[in-house]
Amino acid sequence: MVSRVIPVDPFDLVIFGGTGDLARRKILPGLFRRFCAGQMPPEACVVGAARADMDTDGYRAFVGEAIAEFGGDIANDTENLGAFLQRMSYVSIDARGEKGWSELAGLMREGMVRAFYFSVAPGLFGDLAERLNQHGLTDADSRIVVEKPFGRDLATAKELNRDLAAYFDEGQIYRIDHYLGKETVQNLMAVRFGNMLFEPLWNSQYVDHIQITVAETVGVGGRGEYYDKSGAMRDMVQNHLMQLLCLIAMEPPSKFDPDAVRDEKLKVIRALDAVEPHHIVRGQYEAGEEGPSFREEVNDPRSRTESYIAMKIGVSNWRWAGTPFYLRTGKRLKARCSEIHVVFKELNHSIFGEQEDHRNVLSIRLQPNEGMTLGVTIKEPGPGGMRLVDVPLDMSFADALGADGADQTDAYERLIMDVIRGNQTLFMRGDEVEAAWAWTDPIINGWHTRGDVPKTYDSGSEGPVDAVQLLARDTRVWRKVSS
Ligand code: BG6
């Protein structure tokens, strides 16, 4: 199966923070991939803007190195690389001063889609928005792209929303949550709303509980300073896991349109119950073969920040009341895997007499090896009588769809193309982000007020043992963390 690549309109994209880590690892290699695929048109231009003193030739060399390091299979496409680098230029700019702005204005062309990527600390969002306006660089069709973290609590998120709203309409603001750009995350919506099979069963009458796991093997590494102020709750749950929960729990939108989808997600966030302290387990990894302990990595022997969190969440609406959502995410775990498991209820009557617990589980694997598995119960082969056994109906997207099923288009490149197309469906709206913080804040404040200390867990394990208890108390078990 060959996926269709429809070129986007020619654009001018300015990357503030153009020499930063995200630009190097994701944005620039992603743009190059879109260029090679014919989706980024040859007339498009990219301007790196940052404080560093560099000229365009220096920036082109920088971009070339980023692609060599992070471009994967396209890194050696020298022919395209030459043409791509010609589309790059660089401006040394001061977000809070005058330096570089008129030079930047001189690079902007009429008649192009104009987008500004704020790949900088959130403290600069307001300054950049103001400068762009002051220098007449934007019009009603210009777009800005902002990165997470979008605030660190409700108050700061509101402040950021206010700063941006002073110069831009909501329809011009693209708040990135890169999880929404992952192929399989979008597939969640296709599976739910493109099939007759699942939707009638998608409620508390048939679903016993839902598990969402995002496990990572990496530690916090060089990001200790940021991470110690953030922790798994702010870094992963408030955004990525919350988005996954929304896509699983939301009502069908009337159409696949940005506001229709985001309205439904917002309703889910607003229906989340406050979480009881005993429904949360926080953890910190210990030193192991994989590296130093969390406290060593964040350089604070008394840090109370969590590198792991597991929680039980109730959704108080007609569809989900009574069906808990169990979420967990952590660093330095046994395997890297992101999975969602929809665990259906047991049959209310078995015609086969006493049997072990058999139930259907729909497992959606986001990474690695994207795919879906439906656990079904069949007869155990052989003459042993009517004994039942669970087998997986397995669909790896790579096997089912050929090379394109394994299409590794990175979330960022997909989302940047959506910005140029002017499609906000996979971006968070301001009220959605605020609602997520409104739910998160009391949880974090509670830890501080009570002085909660995270449990420790071994590097390379499945997390703290207390997390097992969290489900065991409800006579449930976590699915294994495996790659
Ligand atoms: C980022 C977090 O948003 O997502 C990181 O800040 C985390 O801490 C990363 O490692 C995980 O993303 P992915 O795409 O590798 O699952």
Side-chain angles (χ1 to χ4, degrees), residues 17 20-27 29-30 33 70 72 117-122 145-152 157 174-188 212-245 247 282-285 290-291 294 297-298 303 305-309 327-340 364-371 406-416 426-428 433 436-437 440 454 459 463 481-483:
D21 211 40
L22 185 72
R24 216 161 59 88
R25 284 171 187 274
K26 297 287 184 184
I27 306 174
R33 195 178 290 274
F70 299 107
Y117 199 128
F118 292 8
S119 179
V120 295
V145 185
V146 293
E147 266 300 327
K148 97 177 226 292
F150 198 84
R152 51 175 289 105
Y174 290 73
R175 294 177 195 78
I176 285 210
D177 181 315
H178 80 278
Y179 264 58
L180 289 177
K182 290 184 190 272
E183 178 76 8
T184 320
V185 175
Q186 292 167 62
N187 232 330
L188 271 178
I212 302 178
T213 297
V214 177
E216 298 185 274
T217 48
V218 291
V220 297
R223 298 168 76 218
E225 198 187 330
Y226 150 78
Y227 199 92
D228 198 27
K229 294 197 201 94
S230 160
M233 186 70 179
R234 287 192 173 98
D235 186 52
M236 295 294 287
V237 177
Q238 186 270 347
N239 35 73
H240 305 327
L241 277 85
M242 175 73 79
Q243 290 295 323
L244 298 180
L245 187 155
L247 296 180
R282 294 197 304 145
Q284 277 180 347
Y285 54 82
E290 300 80 358
F294 177 79
E297 285 196 326
V298 301
S303 169
T305 306
E306 73 287 350
S307 60
Y308 173 99
I309 186 164
L327 269 51
R328 67 179 161 166
T329 182
K331 298 210 181 281
R332 234 10 134 64
L333 295 177
K334 190 173 161 195
R336 175 174 186 255
C337 79
S338 299
E339 289 180 336
I340 298 172
I364 301 153
R365 194 165 173 94
L366 309 178
Q367 60 191 26
N369 317 323
E370 294 94 330
D407 177 16
Q408 292 306 320
T409 312
D410 188 79
Y412 279 94
E413 49 194 279
R414 194 183 301 269
L415 292 173
I416 295 171
L426 300 175
F427 296 83
M428 292 179 298
V433 179
W437 280 122
T440 310
S459 286
V481 173
S482 67
S483 50

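Position 1 is the first residue of the sequence; numbering continues from there. Counting starts at 1 for both ligands and their atoms, following the listed order.
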### Query
Say you draw a straight line from OH of Y179 to CD of Q243; how long is it, rounded to the nearest 0.5 Å?
12.0 Å

### Summary
For A121, the side chain to side chain contact (heavy atoms under 4.5 Å, CB included) test, sequence neighbours excluded, returns none

### Task
Write down the atom of G30, the atom of E413, and the distance for their closest heavy-atom approach.
O-CB, 3.6 Å

### Query
Where does K26 meet ligand 1, judged by heavy-atom distances below 4.0 Å: at the side chain, the backbone, both, or neither?
neither

### Query
Can you say whether the rings of F427 and Y174 are parallel (under 30°), tilted (30 to 60°) or perpendicular (over 60°)?
perpendicular

Identity and separation of the nearest protein heavy atom to [atom]:
atom                    : value
atom 15 (O) of ligand 1 : R336 NH2, 3.4 Å
atom 12 (O) of ligand 1 : H178 NE2, 3.2 Å
atom 9 (C) of ligand 1  : E216 OE2, 4.0 Å
atom 16 (O) of ligand 1 : Y179 OH, 2.4 Å
atom 14 (O) of ligand 1 : K182 NZ, 2.6 Å

Ligand-residue contact atoms, ligand 1 with [X], heavy atoms, under 4.0 Å:
X    : answer
D235 : 2 (C), 5 (C), 6 (O), 8 (O)
K331 : 5 (C), 7 (C), 8 (O), 10 (O)
H240 : 1 (C), 3 (O), 4 (O)

### Query
For Q367 and ligand 1, does the shortest N/O to N/O distance drop below 3.5 Å?
yes

### Qualifying residue for side chain to side chain contact (heavy atoms under 4.5 Å, CB included) with L244, from I364, V214, N239, L327
V214

### Query
Hey, is R332 close enough to E297 for a salt bridge, meaning N to O under 4.0 Å?
yes

### Message
Let's go through K182 and E370 carefully: what are the C-alpha distance in whole Å and the side-chain angles of both, what is the deciding distance for salt bridge (charged side-chain N to carboxylate O under 4.0 Å, His left out) to 0.1 Å, and is it a yes or a no?
### Response
CA-CA 10 Å; K182 290 184 190 272; E370 294 94 330; over 6 Å; no

